[in-house]
Amino acid sequence: MDSSSSNNDGAEQVMDQLLQAQAHIWKHCYRYVSSRCLKCAIELGIPDAIHSHGGPMTFNQLVEAIPVRPGKAHCLYRVMRVLVHSGFFDLRIIKTGGAHEDEESYSLNSVSELLLRDNPVNIEPFVRFMLSPNLMKPLNCMSAWFQNDDLCTVETAHGMKPWDLMVRDPKFGSLFNSAMASDSQLVARMVTDCCKWVFEGLKSLVDIGGGTGEMGKVIADAFPQMEYTVFDLPHVVASLQGTRNLKYVGGDMFNEKIPPADAILLKWILHDWNDEESVQILKKCKEAIPIKEEGGKLIIIEMVMDNPTEGDEKIKETQLSADIFMMNAMGIERNREEWAKLFADAGFSSYKMSPILGLRSVIEVYP
Ligand SMILES: C[S@@+](CC[C@H](N)C(=O)[O-])C[C@H]1O[C@@H](n2cnc3c(N)ncnc32)[C@H](O)[C@@H]1O
């Protein structure tokens, strides 16, 4: 090999590295685009339009079915291209028979089916909440927050803490409650279908921070012998009507006695609070349940962050992002060791983690 060809190889390698580095940075700069396209699709009602059509829908049929100005239709095609690439819709070729008449058409897949308004486990409200401007603004304040005395970026962006924002902006509060309710419907279906054993034998259960009771309604129906209590802040449960075996109790879990029960459910509660506050909540829960031998337990539904060397790459990335999202609202996603420490600090004797809910786990904790 002469020296000029080895110089060229070296220069090509440097160039290749530079281009890869640039592509990596560009990828992350553009990363928010697919979630914005998703938001646009939901706001335009695209999943429902394809569903109502009753089968694969051509681009022209889609444009006719949704509120898009004719002069902008070609831009919608570009948005759909991103959404197909990101796995939200399937693209099919319809054979029309003519020489060059084959047409592209869009159909729903298991992802877009979760965004249909008449799907009982529709998580569209969760997407609307997660991508709402009120939550995007704090993410843009991270570096400012690292340099000021605010408790979280929500405070830097909005001048108040997350729970106060819900109360001060009732529209946002109701968007939050719908988002939680939609997630709960899906999780309730999963737990009653796949892990009934967690609830079997319980005569009473208190769902702390149970929101508007969507989880409760499904579990109380699946276990008619169980007395189910949804305990949440007074303004959340004020106007809600109970059922035969489900009732709502308004209160503050930090300041009021938690109603006694065989078990306490904490779904997506502890990730909102720091360790000290979480131990406080856990201790109050422990006072409300019987000893382990009499069946007392906590049922926690939360993320257990993977050990960085293990696990599915997509799950890991989502969990890491979820943790930063929670950091912006004064919360945290915890790993195994962090959970174990909380339980021990609150005086619990043992726990069992079952990673059966995808990104989240069911954790049973015993006094
Ligand atoms: C992240 S949401 C989870 C709601 C529900 N468990 C779910 O997973 O859909 C947290 C819930 O805790 C409630 N909450 C916040 N502070 C509370 C307090 N001090 N006492 C009782 N509930 C509280 C909120 O109103 C909200 O419904």
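First listed ligand is number 1; within each ligand, the first listed atom is number 1.
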*Asks:* Measure across Gln61 and Pro56 and return the closest heavy-atom pair with its distance rounded to 0.1 Å.
*Replies:* OE1-O, 4.2 Å
*Asks:* Share the residues that join Val33 in a hydrophobic cluster, the rule being Ile, Leu, Val, Met, Phe, Trp or Tyr side chains under 4.5 Å apart at the heavy-atom level.
*Replies:*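 Traced through the cluster, Val33 reaches Trp26, Tyr30, Tyr32.
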*Asks:* Hey, which residues fall under 4.0 Å of ligand 1 on heavy atoms?
*Replies:*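 Lining ligand 1 at under 4.0 Å, by heavy atoms, one finds Trp163, Phe176, Met180, Ser184, Gly209, Gly211, Asp232, Leu233, Val236, Gly251, Asp252, Met253, Phe254, Lys267, Trp268, Ile269, Asp272, Trp273.
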*Asks:* Test Tyr248 against every option in Thr229, Val237, Asp232 by the side-chain contact (heavy atoms from CB on, under 4.5 Å) rule and name the one that passes.
*Replies:*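 It is Val237, the one option of Thr229, Val237, Asp232 that forms the side-chain contact (heavy atoms from CB on, under 4.5 Å) with Tyr248.
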*Asks:* Consider only side-chain N and O atoms of Ser132 and Lys39, and report whether a donor and an acceptor are under 3.5 Å apart.
*Replies:*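 Side-chain D/A pair, Ser132 to Lys39: absent.
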*Asks:* Determine, using ring centers only, whether Tyr366 and Phe343 are less than 6.0 Å apart.
*Replies:* no
*Asks:* For the ring pair Tyr77 and Phe59, is the centre-to-centre distance below 6.0 Å?
*Replies:* yes
